[in-house]
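These notes are about the structure you will find just below.
Lettering of chains follows the sequences in order, A, B, ..., and the numbering in each one begins at 1. Below, all heavy atoms of this structure are taken into account, side chains as well, without hydrogens, waters or symmetry copies.
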There are 2 protein chains.
Amino acid sequence: MRPTIKDVAKLSGVSISTVSRVMNTPDIVSEEKRKRVEEAIRELGYSPNALARGLISKQTHTVGVLIPDISNNYASELVKGLEDAGHQTGISLIICNTDRDPERMVHYLEILKQKQVDGIVFTSEYFSEEYARIAAKHRVPLVLAATHTTAAELPTVKINDEEAGFDAVQYLVKKGHREIGMISGPKDDLVAGLPRYLGYERACRELLGQTDLEERVDYGDFRYEGGYTAMQRLYHRQPDLTAVFCASDEMALGAITFLHERGLRVPDDISILGFDNTKIAKISLPKLTTVAQPIYQIGREAMKKLNRLTAGEELIELTTYLRHRIIERDSVKSI
Amino acid sequence: MRPTIKDVAKLSGVSISTVSRVMNTPDIVSEEKRKRVEEAIRELGYSPNALARGLISKQTHTVGVLIPDISNNYASELVKGLEDAGHQTGISLIICNTDRDPERMVHYLEILKQKQVDGIVFTSEYFSEEYARIAAKHRVPLVLAATHTTAAELPTVKINDEEAGFDAVQYLVKKGHREIGMISGPKDDLVAGLPRYLGYERACRELLGQTDLEERVDYGDFRYEGGYTAMQRLYHRQPDLTAVFCASDEMALGAITFLHERGLRVPDDISILGFDNTKIAKISLPKLTTVAQPIYQIGREAMKKLNRLTAGEELIELTTYLRHRIIERDSVKSI
DNA sequence: GTGAAAGCGCTAACAA
DNA sequence: TTGTTAGCGCTTTCAC
């Protein structure tokens, strides 16, 4: 059996209250007893039982993280940001990989409730009405990271995807491009799909006076293969595009592979702009020019926001927008 | 306040023991009371407090995962395997990103002890004497995943890196290569550095009768930049190599980039063999031929092993070796 | 400054 | 089958 507070009390010849005081408010304990207790703690290798503590204090210093797919580059960088910020404030993370499965999601919410987490960070996936309903019942502080929702008024940390889409096109326009296509995420993806597309559309309209964009846009699922086939379709319809804005780095690489196989060179024959600035953007050939999300920072800020929430502080702003920026590498050229 | 077992008892007009029984051993409760209790639970939205349960049962259904860098591709895939297996058996994961910082590591071990985790999975990094000493004091079940140690007799799940190194060279030999270089990890890396190098060395000796290999080997830190500069040095010393075996996919990509910049084409002018089969291997240009570690499976098996351990079962084998295999893509050609 | 005692929410004897 | 009670390890009054 592991030593308990009783064992420490016995060994040092004081009451358990005094031991407790040494751990929580050492200043109010006489120096002599404090030393004796500290010595006993060391000797026994005692550590307090966080379950017992949590049972009383109603705090577990643990938060749940709901994430669609931890193995994905982008998600794991976000988790790292959460973890680093958590570590600094003494918060542990319980990772829940939902696989985008609502049932699994609901199950995790129940587990987290039972484990008495101090809060929950929900990431990446659109926060549906169903989730909002369940979460409301649980009355646990909740922060959205790198996603958003219209189903409730929830604290959120993210970039402004519509603006990012706009800026991406603006960048290409500045580089002299006028025939700009897009490989978008699904339009029913309210997080990284539709908003980026809308930004693209607005930029084409406001900057180039172009309106009928449908033929210049194709769709993928943010993955490599999706980018490949989208580029294939797009190229057959619109062989004269000089640049394509892709809603993810992976799709950008898929597009590049297709073009490469067709004998077209990036960026000499056609420019490709990615999105996310994942690790692969730095190590691909050519290196990807891309719209960077400060994803690690989003993680950090989300955790800080959650901390404020659990501390009962007033939030300065409900939604925090972090700045995206364009990282210039080798996949876009001036024309 | 959240409803407790008392509230349920009161509402359904039974004792708290009966409520407890409904949750744990429903069969021994009369149908009538069971129904009443279940109804009350639903009405109140009651869930049991896992802290209180854990305090008595001495089980938290939570395990700690110590990981050097969660944002890394390889690590997050491993975590996914752990998480999936954990989810199936009702185990939650507390993720601890150690940043390879011994202090942080020691701190996490203390936290996990306090939180009364049922076990710990230690991943990727070599398990040092110091860690072994601390862990031994904590008396918590511990499994190593994708790493090993000579500091203690610990349950382990991994591939056989020496054999994998051997097989990599053997594969290249079968493809007709005789002038084979290597970009190895650091030799003092006892996990993914030295063993793979030793496999390479043995294969060169046994298969090709070559012994003086020093000039043909260079070293990197498993990262892209490390692969780039290692290839640079290697190429200047040994321009006649027909194939280079890299101890990680990232280093392989770094090497390819260097060669590309020198005007050499992979695989036409020189073949490159990677290691890990990370996501980037599938989406690089050319697609990487690589030694695949079943990293997701390693995660799953490690969690299963830990479950057996905490259940007090006898382990069939201390170290479980999972099979590596070579994934043929486009970066190696026959000569 | 210190100790005794109550109690956090639950499970597990023990009686009935 | 059910209820009463002790107690898991700790914090926090409340006296002294």
- Query: Which nucleotide in the set C/dC8, D/dG9, C/dA12 lies at the smallest distance from any side-chain heavy atom of B/I56?
  - Reply: C/dA12
- Using a strict 4.0 Å threshold on nitrogen-to-oxygen distance, state whether A/R133 and A/E129 make a salt bridge. no
- Query: With nearest nucleotides of DNA chain C determined for A/D27 and B/P3 from heavy-atom distances, which residue corresponds to the more 5′ nucleotide?
  - Reply: A/D27
- Regarding B/K115 and A/T62, is there a side-chain donor-to-acceptor distance under 3.5 Å anywhere? yes
- Task: When you get a sec, tell me which of C/dC10, D/dC8, D/dC10 is the closest nucleotide to the side chain of B/L55?
- Result: D/dC8
- Check whether any side-chain N or O of A/N24 sits under 4.0 Å from OP1 or OP2 of D/dT11, and answer yes or no. yes
- Return the minimal non-hydrogen interatomic distance between A/Y296 and A/D84, and the atom names on each side. OH-OD2, 2.5 Å
- Smallest separation among heavy atoms of A/K6 and A/I16, with atom names: CA-CG2, 3.9 Å
- How large an angle, rounded to 10°, do the end axes of the helix from C/dG1-D/dC16 to C/dA16-D/dT1 enclose when each is built from five base pairs? 40°
- Is the shortest distance from a Lys or Arg side-chain nitrogen in B/K35 or B/E31 to a carboxylate oxygen in the other one below 4.0 Å? yes
- Task: Would you mind reading off the distance between B/I5 atom CD1 and D/dG3 atom P, rounded to a whole angstrom?
- Result: 12 Å
- Considering all heavy atoms of both residues, which atom of A/I41 and which atom of A/V8 are nearest to each other, and what is their separation? CG1-CG1, 3.8 Å
- Spacing between A/Q59 atom CD and D/dC10 atom C1', to the nearest angstrom: 15 Å
- Message: So, OP1 or OP2 of C/dG9: does either fall under 4.0 Å of a side-chain N or O from A/K58?
- Response: yes
- Query: With nearest nucleotides of DNA chain D determined for B/R34 and A/K6 from heavy-atom distances, which residue corresponds to the more 5′ nucleotide?
  - Reply: B/R34
- Which pair of heavy atoms, one from B/I295 and one from B/E77, lies closest together, and at what distance? CG2-CG, 3.3 Å
- Query: To the side chain of A/M1, which of C/dC10, C/dT2, D/dG9 is closest?
  - Reply: D/dG9
- Message: Does anything in residues 14-23 of chain B come within less than 4.0 Å of DNA chain D? Heavy atoms only, and list the residues if so.
- Response: B/V14, B/S15, B/S17, B/T18, B/R21
- Item | Phosphate contact (C/dG3 OP1 or OP2) by A/K33 side-chain N/O below 4.0 Å | yes
- Message: Just N and O in the side chain of B/R53: are any of them under 4.0 Å from OP1 or OP2 of C/dT11?
- Response: yes
- Message: Without decimals, in angstroms, what is the distance between A/N49 CG and D/dC10 P?
- Response: 6 Å
- Looking only at heavy atoms, what is the nearest atom pair of A/A146 and A/Y74, with distance? CB-OH, 3.5 Å
- Item | Between P of D/dT2 and CD of B/E31, the distance in whole Å | 11 Å
- Message: With nearest nucleotide decided by heavy atoms, which residue, B/G13 or A/S57, maps closer to the 5′ end of DNA chain D?
- Response: B/G13
- Message: Under a plain distance cut-off of 3.5 Å, with no hydrogens placed, do B/S71 and B/D69 share a side-chain donor-acceptor pair?
- Response: yes
- Message: Whole angstroms only, please: what is the NZ-P distance between A/K35 and C/dG1?
- Response: 17 Å
- Given atom CG of A/L51 and atom P of C/dC8, what is their separation to the nearest angstrom? 17 Å
